[in-house]
Amino acid sequence: MTSMRTGVEQAQRREAVRLTQYAHGGGCACKIPPGELEELVAGLASPGAVGGAGLLVGLDHGDDAAVVRLPGGPGALAAVATADFFTPVVDDPYDWGRIAAANALSDVYAMGGTPLVAVNLLCWPRDVLPFELAREVLRGGMDVAATAGCVVAGGHSVDDPEPKYGMAVTGTVDPARLLRNDAGRPGTPLSLTKSLGLGVLNNRHKTTGEVFPQAVETMAALNRDAARAALAAGAVCATDVTGFGLLGHLYKLARASGVTAVVDSAAVPFLDGARDAARAGHISGGTRRNLAWVAPSTDFGRTDELTRLLLADAQTSGGLLVAGEVPGAAVIGELVPAGPYRLVVR
């Protein structure tokens, strides 16, 4: 009886704490704005990039992860390395852990790779929030990693005024079957594997406390099957859709590939409640910065402002954006020869 009562009390304490209220923003909407980030890293390159010594994918086009060829001659695999962490995007600590892990693993899948090992990255206000909540965050991350077949072994923690969690992930990929953001070619359809609207629903959750299970399960879902389907369909170009929104990540892909991307806004899928949340004003600052960044390079035609914002909505653990037709995914546009604009929205 005592242990049962203790478990109930712990659950009640967890529910009483709204983790999103301890962060200035939430999820991938907290990313440094894309324009500022590009200025920050301009001119920076690893010494390993000189002469292409083993580095297959680096900083050049802002791809999802670094890829380095492993020793072994022809047929050798390559290593994929990435790190991703962010402030609470939902109040439930276990769900936050699941979402953050799925988001970090997504960078490996977006390159066509398989995650092998991850280490936790945890920042925690130890004098403010109980470690019991941190344990739930870590448990959520471990459960999603286990589903991915990825070992979690240790990590690093910091006493921080603001809670943050994520993972550094290492995986492998066949260099001959890489998915990268600079390999798009004209005449290729564009597929999106998860619905948009995560940003506005998360922002509404942070403001009102309403829970949106459809958003939680979308964010916690792995992009593993989508990546496998993309590879099976012969795709060579992809990226995942996270903090820079659909338009921001598509702009980077089109620019890196030297093409123009055309988006059929009516074909883009949105989660239930996303448009209502946007109409109610639950638009993050990150979303507005995303839209401002791509606007000079985009022909929006007659697209209304609400749709523009939703297409730029800062996603957390979004789906894959694939140059190619992926079974089960929405076809939202196509790549065409480069024109006066990098993006065209119809």
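Bear in mind the structure is a predicted one, so any value in this text is a computation, not a measurement. Residue numbers start at 1 and run along the sequence shown.
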Nearest non-hydrogen partners of [X] and [Y], listed with the distance:
X	Y	value
Glu162	Ala23	OE2-CA, 3.2 Å
Ala338	Gly258	CB-O, 3.6 Å
Val119	Ala153	CG1-O, 3.2 Å
Leu56	Ala78	CD1-CB, 4.0 Å
Ala267	Ala330	O-CB, 4.2 Å
Val326	Ala229	CG1-CB, 3.7 Å

Indicate yes or no: at least one non-hydrogen side-chain atom of [X] is less than 4.5 angstrom from one of [Y].
X	Y	result
Leu222	Leu105	yes
Val268	Val263	yes
Asn120	Met167	yes
Leu133	Trp124	yes
Leu335	Pro186	no
Arg98	Val216	yes
Asp313	Leu196	no
Leu291	Arg288	no

Check: Asn203/Ser284 side-chain N/O donor and acceptor closer than 3.5 Å
no

Residue pair Val67, Arg180: steps toward the side-chain contact (heavy atoms from CB on, under 4.5 Å) verdict:
CA-CA 10 Å; Val67 180; Arg180 48 194 301 162; over 6 Å; no

Kindly confirm or rule out a cation-pi arrangement of Arg204 over Phe212, judged by NZ or CZ under 6.0 Å from the six-membered ring centre and within 45° of its axis?
no

Could you walk me through whether Leu198 and Ser317 pass the side-chain contact (heavy atoms from CB on, under 4.5 Å) check?
CA-CA 9 Å; Leu198 295 164; Ser317 193; 5.8 Å; no

Checking [X] side chain against [Y] main chain: does a donor-acceptor pair fall under 3.5 Å?
X	Y	answer
Arg255	Arg342	no
Glu136	Tyr94	no
Asp182	Ala256	no
Arg69	Leu77	no
Thr170	Ala81	no
Asn223	Ala226	no
His282	Val200	no
Lys194	Val241	no
Ser257	Arg185	no
Arg18	Lys206	yes

Spell out, yes or no, whether [X] and [Y] are grouped together once hydrophobic residues are joined by side-chain heavy atoms under 4.5 Å, including indirect joins.
X	Y	value
Leu121	Leu116	no
Leu246	Val262	no
Phe270	Leu250	yes
Leu70	Val108	no
Leu306	Phe300	yes

So how far is it from [X] [atom1] to [Y] [atom2], rounded to the nearest 0.5 Å?
X	Y	atom1	atom2	value
Thr260	Glu334	OG1	CD	11.0 Å
His205	Thr20	NE2	OG1	5.0 Å
Leu231	Leu179	CG	CG	4.5 Å
Leu311	Asn290	CG	CG	11.5 Å
Thr218	Leu271	OG1	CG	4.5 Å
Thr287	Leu309	OG1	CG	7.5 Å

Hey, could you give me each pair passing side chain to side chain donor-acceptor pair (under 3.5 Å) that has a residue in residues 224-234? Not counting sequence neighbours.
none

Within 6.0 angstrom of [X] [atom1], more than 12 heavy atoms from elsewhere:
X	atom1	value
Glu325	CD	no
Arg275	CZ	yes
Arg135	CZ	no

Students often mix this up, so state it plainly: with edges at 30° and 60°, are the rings of Tyr165 and Trp96 parallel, tilted or perpendicular?
perpendicular

Show, in sequence, the C-alpha distance, side-chain angles and deciding distance for Thr242 and Asp84, and conclude whether the side-chain contact (heavy atoms from CB on, under 4.5 Å) test is met.
CA-CA 11 Å; Thr242 55; Asp84 212 315; 5.7 Å; no

Given the rule in the side-chain contact (heavy atoms from CB on, under 4.5 Å) test, do Val57 and Met111 qualify, once you have shown the distances and angles that lead to the verdict?
CA-CA 10 Å; Val57 180; Met111 305 302 297; 4.0 Å; yes

